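What follows is a short report on a single structure.
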Amino acid sequence: MIDTLRRWWGRYSIHFLSALVGLAIALGLRITQGMPLLEAYQFFTQPWQWVSRNPEPLIESRTVELNARMAELESQNEQLKQLLNLEVTKRNQGTWAMVIGRSGEAWWSQMVLSKGSQDGVLPGAIALGSGGLVGRVTAASPHSSRLLLVSDPSSVVGVSLARSRFMGILRGQNQRNGVLEFFERDPDVRVGDVVLTSPYTTRFPPGIVVGQVVSINLDKQPAPEAVVAFSAPLGLLEYVNVQPFTAKSDALLLSP
Amino acid sequence: MPSYFPPKRDYPWWHNYVLAAASVFLCACATYVQLPGMNLMGVTPNWMLIWLVTWSRRYPVLVAVVTGVSLGLVQDALVGGDWVPTHALGLAIAGGVTAWSQRQNFMREDLISIALLVFVGAVGIETLLGIQFWVLGQDFGDLWPKQQRLALTSAVLSSLWMPLLYVPLNAWWRSPDCEPES
């Protein structure tokens with residue numbers, strides 16, 4: 001028995017001792033919760049760490065998060081306004097209408113919708129698409145209505161910058177972008193600023209997203225200008241949300 | 001199996017240790033890396049087990065058991081958490097059985113036998129983990145269907161990917177530069 005053990009030891013002592021050393025190292029790793037291993041892993045995988053993965057699910061979850069945050073902030077805002085005894089502008093649910101006609105000549109100026117005065121769509125109602133403001137109803141028959149798009153040159157929207165509250169007038173250009181003319185000489189405007197309908201506009205309710213500033217020309221005479229990309233995809237619209245609105249007549253008349 | 005390395009003797013004495021440590025490190029990293037084809041229903045191959053089976057065939061049972069415990073501790077360290085449940089138990093038994101079956105000449109040295117060992121080992125390890133969860137108070141009814149799926153998936157994946165690790169390591173360890181097998 002002793003002899004067998006001695007022979008075993010003679011043959012395998014080095015392996016056994018190495019295994020014990022390995023065990024000690026493993027025990028150390030276990031006690032430190034694998035810290036050295038993680039450090040080494042981090043070091044060796046550095047070249048691959050920034051390879052971008054499929055971003056689409058991330059964008060989706062980001063959208064969900066932003067929607068939830070927006071709902072939260074909106075309700076908070078409503079509560080604060082109530083505390084200050086300010087008028088709460090209730091967002092109407094509106095009705096959804098299909099785009100049933102759009103002529104090639106007037107692609108950027110007009111659309112025909114599938115709902116009319118029978119459905120409560122009256123001239124003056126505003127149309128929203130996913131992304132923001134689309135336009136204003138100019139005429140309505142019992143079962144259809146005509147929409148003037150914000151990209152039409154005759155469409156004029158009083159707008160303000162969400163960040164700095166500087167105001168101006170946004171005109172359509174028969175294309176994806178409109179031109180924002182500021183009232184003041186030296187407005188605080190940056191590329192990327194969000195443009196909303198202004199509190200003084202008579203034709204639209206205040207605070208609706210219209211677009212985003214894509215370029216700025218402060219040297220323009222007589223007033224500085226900015227090019228604004230409309231945030232609603234005006235070229236792809238199939239459905240719009242129509243909300244009844246009557247133009248304020250007694251407000252400060254900024255827009256014609 | 002052919003040797004991939006020319007028979008030379010001018011490696012330093014520690015080259016075998018470095019190779020072993022480096023390959024264990026790679027196995028440890030592989031638990032974090034998700035490569036296409038290596039992931040089936042959220043389960044990855046049990047690389048530690050494959051390494052252990054490759055290693056244990058050349059050593060006595062006691063050494064294999066100690067190695068299994070060490071690898072289990074490393075795997076626990078990667079997962080974090082408490083000392084139980086531990087991978088060390090299952091890996092120790094797997095290592096011991098591998099070394100013992102080699103001694104008894106039950107197993108021939110071909111990929112099919114090794115795959116079989118890995119398959120049985122993976123099922124055993126997952127089952128032992130499940131038993132530990134059960135003893136720690138998890139509901140058997142919840143545990144059992146999940147554990148079944150986990151054990152089978154792990155076993156299939158491990159034995160399919162086994163050659164990737166087994167072939168190069170075994171070739172190296174069988175080359176004359178390593179200590180001759182007893």
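Below, chains carry the letters A, B, ... as their sequence lines are ordered, and counting in each starts from 1. As the structure is a prediction and not an experimental result, all values here were calculated from the model.
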Are there over 12 heavy-atom neighbours, none belonging to [X], within less than 6.0 Å of that residue's [atom1]?
X: A:Q42; atom1: CD; result: yes
X: B:I112; atom1: CD1; result: no
X: A:R176; atom1: CZ; result: no
X: A:E65; atom1: CD; result: yes
X: B:W144; atom1: CH2; result: no
X: A:R163; atom1: CZ; result: yes
X: B:D139; atom1: CG; result: yes

Proximal component of A:I25, with respect to chain B [non-hydrogen, under 4.5 Å]
neither

For A:A40, is it the side chain, the backbone, both or neither that has a heavy atom under 4.5 Å from a heavy atom of chain B?
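Answer is both: backbone and side chain atoms of A:A40 are under 4.5 Å from chain B.
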
If you count heavy-atom pairs within less than 4.5 Å of chain A, which of [options] leads?
options: B:L71, B:V24, B:D76; result: B:D76
options: B:P60, B:A28, B:A20; result: B:P60
options: B:C29, B:A64, B:A88; result: B:C29

Does some side-chain heavy atom of [Y] sit less than 4.5 Å from a side-chain heavy atom of [X]?
X: A:V21; Y: B:Y17; value: no
X: A:W8; Y: B:L62; value: yes
X: A:L29; Y: B:L73; value: no
X: A:L23; Y: B:T67; value: no

Would you say the rings of A:F44 and B:F25 are close, in the sense that their centroids are separated by under 6.0 Å?
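Ring centroids of B:F25 and A:F44 are less than 6.0 Å from each other.
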
Nearest heavy-atom neighbours spanning A:G22 and B:S70
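Between these two residues, the closest heavy atoms are C-OG, 3.8 Å.
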
Distance check, rounded to the nearest 0.5 Å: B:L26 atom CG versus A:Y41 atom OH?
11.5 Å

Separation between NE2 (B:H87) and CZ (A:R30), nearest 0.5 Å, reads 10.0 Å

